[in-house]
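Model, not experiment: these values are computed from the prediction.
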Amino acid sequence: MKLQTLLSYLHDFTIYVGDNPTITSIEMDSRQVKQGSLFICVRGFTVDGHDFAKQAVENGAVAVIAERQVDVNVPVVIVRDSRRAMAVLADAFYGQPTHRLHLIGVTGTNGKTTTTHIIEHIFRKAKKKTGLIGTVHMKIGDKTYNVQNTTPESLILQKTFKQMVDENVDVAIMEVSSHALHMGRVHGCDYDVAVFTNLTQDHLDYHRTMDEYRQAKGLLFAQLGNRFDHRRPKFAVLNQDDPASEQYKHMTAATLITYGIEKESDIMAKRIDMTPSGMAFDLVTPYETVRVKTKLVGRFNVYNLLAAVAACLVSDVSLSTIVESIEEISGVPGRLETVDEGQDFAVIVDYAHTPDSLENVLKTIRQFAQHRVYVIVGCGGDRDRTKRPLMAQIATQYADVAIFTSDNPRSERPEDILKDMEAGVKGAEYVTIVDRKEAIRYAVEQAKEGDIILIAGKGHETYQIIGDEVIEFDDRLVARQAIKERKARC
Ligand SMILES: CC(=O)N[C@H]1[C@@H](OP(=O)(O)OP(=O)(O)OC[C@H]2O[C@@H](n3ccc(=O)[nH]c3=O)[C@H](O)[C@@H]2O)O[C@H](CO)[C@@H](O)[C@@H]1O[C@H](C)C(=O)N[C@@H](C)C(=O)N[C@H](CCC(=O)O)C(=O)O
Ligand SMILES: Nc1ncnc2c1ncn2[C@@H]1O[C@H](COP(=O)(O)OP(=O)(O)OP(=O)(O)O)[C@@H](O)[C@H]1O
Ligand SMILES: N[C@H](CCC[C@H](N)C(=O)O)C(=O)O
Ligand SMILES: [Mg+2]
């Protein structure tokens, strides 16, 4: 595509004088630049992309988008906001792929990954080809790809959507993080259905206040479009039991569909029965009420299922297909995933890394626990500090034995993070073991028949970030190994 053609999509830039090169790719990382690339200088959180313009040109960039003049001998196009321009250019360069996909976005503090995976399962059952973008991986059909972010930058996103279109994907389902909404990573994504799970505390390092955080999530609903097109109706799926939904209702012109357990909603769950191995409930829909069974457990998973049901119903999937799919779904990696080496106590790995999710998951476990509950929990470094004391307090409140340890300390001292956690404990007992492997081993050694060990916070993650280092670490493998070692000794 010619640079001038690409720029015709951008309406806010300083006209440059110079060549009109052919653009073969768009890059925001000078290290990825090839001959013919357009390089976009982005001011990051650690470094400033403008400082890499020269390197990009040396690597073959034929034009540069920047917020200020940079000293290079190729055309430089000055824009007010590089990230904004990047979203517009990526959408144009890849042929506006979201116009050709049924696109479902899921936002909320907890439950995005679980809900998107359920929706994917339902559409597959409906024989649609699916694409999935989120925390665990990106997936096109059966092929999976690694990810760095839950919701990637617009460049990666649009490229992925293009690949989905080329591979005849019918439905793309994605998690939309508040960071992505706030940074405009999803500008230009033409959503058909936007889903809200819930809003509780997280990410106050980035959003500063709960009001700002709530506002950021609301952008998904505000950006659903403000026109009525009967060939492509837009739907906002809202959790009626969460107070933030009231605000989101006013932010969108899309058709509203509500779900809930407590307040009267379009889609509801009633008469919920829960056992350690699954649940059953009456699924109430505007069409009919059916009793459904699922292998998922926990009241929070009823919400995730209802959100998924609503998103699929408005996407014209039949209720019978939805119900069949729900009965099959066996769980999402790292979410209430059990580690079973034939031991006589239970080990559960879960991604709870917020106060609300930790409370939910511990309450669920408590419902079924016959004996002692152990929790191993830490808090991520370079992330919301104010959630640390809350998570520690919740751990001691709901578990019999709370073991505080490291999550991903990143650039922080693990001991400092643990101090922040310990400050939240009011008089209860706890054990602190900085090394996560040792903490898991400790619990496995202590556990007696019938006890339950919850290893919280890292779920599917296969690494631990300590300083600048990313080391291999998988709670499931570490627990498995510890159980084997204990068995070998007995
Ligand atoms: C805080 C944040 O969001 N950071 C994101 C950001 O990194 P950054 O700002 O540090 O980038 P940087 O290193 O300063 O680089 C700035 C620019 O210079 C360029 N550069 C840099 C070096 C070089 O040699 N050449 C070069 O061109 C970079 O490519 C970039 O364009 O841009 C990166 C590339 O897109 C992201 O991967 C990175 O996400 C990091 C990994 C992250 O942890 N983000 C978290 C906070 C996040 O976004 N989380 C949400 C999920 C939250 C949830 O699930 O609840 C998410 O959606 O992932
Ligand atoms: N609807 C829900 N409400 C509250 N807690 C939930 C809900 N669904 C899942 N959880 C808990 O939150 C944890 C994270 O769930 P999930 O990965 O689905 O959320 P997420 O929104 O994708 O999180 P992230 O923002 O980190 O990607 C789960 O391991 C579980 O403990
Ligand atoms: N998407 C979340 C994941 C947190 C997972 C937890 N293990 C941690 O590292 O804090 C974040 O980046 O804040
Ligand atoms: Mg997620």
Could you verify whether a donor N or O on one side chain and an acceptor N or O on the other, from [X] and [Y], lie under 3.5 Å apart?
| X | Y | value |
| --- | --- | --- |
| Gln96 | Gln158 | no |
| Ser411 | Asp382 | yes |
| Thr135 | Thr113 | yes |
| Thr386 | Asp384 | yes |
| Thr109 | Tyr213 | yes |
| Lys34 | Asn59 | no |
| Thr151 | Glu175 | no |
| Gln240 | Ser265 | no |
| Thr150 | Ser177 | no |
| Tyr351 | Glu337 | no |

Salt bridge between [X] and [Y], side-chain N to carboxylate O under 4.0 Å?
| X | Y | answer |
| --- | --- | --- |
| Asp81 | Arg83 | no |
| Arg214 | Asp211 | yes |
| Asp192 | Arg232 | yes |

Taking only residues two or more places apart in sequence, or in another chain, which ones meet [X] in a salt bridge (Lys or Arg N to Asp or Glu O under 4.0 Å)?
| X | value |
| --- | --- |
| Asp166 | Lys162 |
| Asp142 | Arg124 |
| Asp316 | none |
| Asp282 | Arg271, Arg291 |

Pairs involving [range], ordered by first then second residue, that meet ring-ring contact (aromatic ring centres under 6.0 Å, His included) (sequence neighbours left out):
| range | answer |
| --- | --- |
| residues 113-139 | His117-His137 |
| residues 281-313 | none |
| residues 232-276 | Phe196-Tyr248, Phe221-Tyr248 |

I'd like to check the ring-ring contact (aromatic ring centres under 6.0 Å, His included) partners of His182; sequence neighbours left out, ordered by chain and number.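 ring-ring contact (aromatic ring centres under 6.0 Å, His included) list for His182, sorted by chain: Tyr206, His207.
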
Would you mind telling me which of Arg80, Arg43, Arg84 makes a salt bridge (charged side-chain N to carboxylate O under 4.0 Å, His left out) with Glu67?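 The residue from Arg80, Arg43, Arg84 that satisfies salt bridge (charged side-chain N to carboxylate O under 4.0 Å, His left out) with Glu67 turns out to be Arg43.
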
Hey, which of Arg227, Lys234, Arg100 is the one that makes salt bridge (charged side-chain N to carboxylate O under 4.0 Å, His left out) with Asp190? Lys234

Pairs satisfying salt bridge (charged side-chain N to carboxylate O under 4.0 Å, His left out), at least one member in [range], at least two apart:
| range | answer |
| --- | --- |
| residues 244-258 | Glu246-Lys249 |
| residues 295-313 | Glu262-Arg299 |
| residues 89-98 | none |

Whether the side chain of Asp475 engages the backbone of Val349 through a donor-acceptor N/O pair (distance < 3.5 Å, no angle test) should be reported.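 No.
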
Side-chain polar contacts of residues 1-10 - donor-acceptor pairs under 3.5 angstrom, sequence neighbours left out - could you list them?
| unit_1 | atom_1 | unit_2 | atom_2 | d |
| --- | --- | --- | --- | --- |
| Lys2 | NZ | Asn20 | O | 3.4 |
| Lys2 | NZ | Thr22 | OG1 | 3.2 |
| Ser8 | OG | Thr5 | O | 2.5 |

Side chain to side chain donor-acceptor pair (under 3.5 Å) between Gln464 and Arg436: does it pass, once the steps are laid out? CA-CA 9 Å; Gln464 190 177 23; Arg436 194 171 177 93; over 6 Å; no

When you compare the side chain of Asn149 with that of Glu153, does any pair of heavy atoms fall below 4.5 Å? no

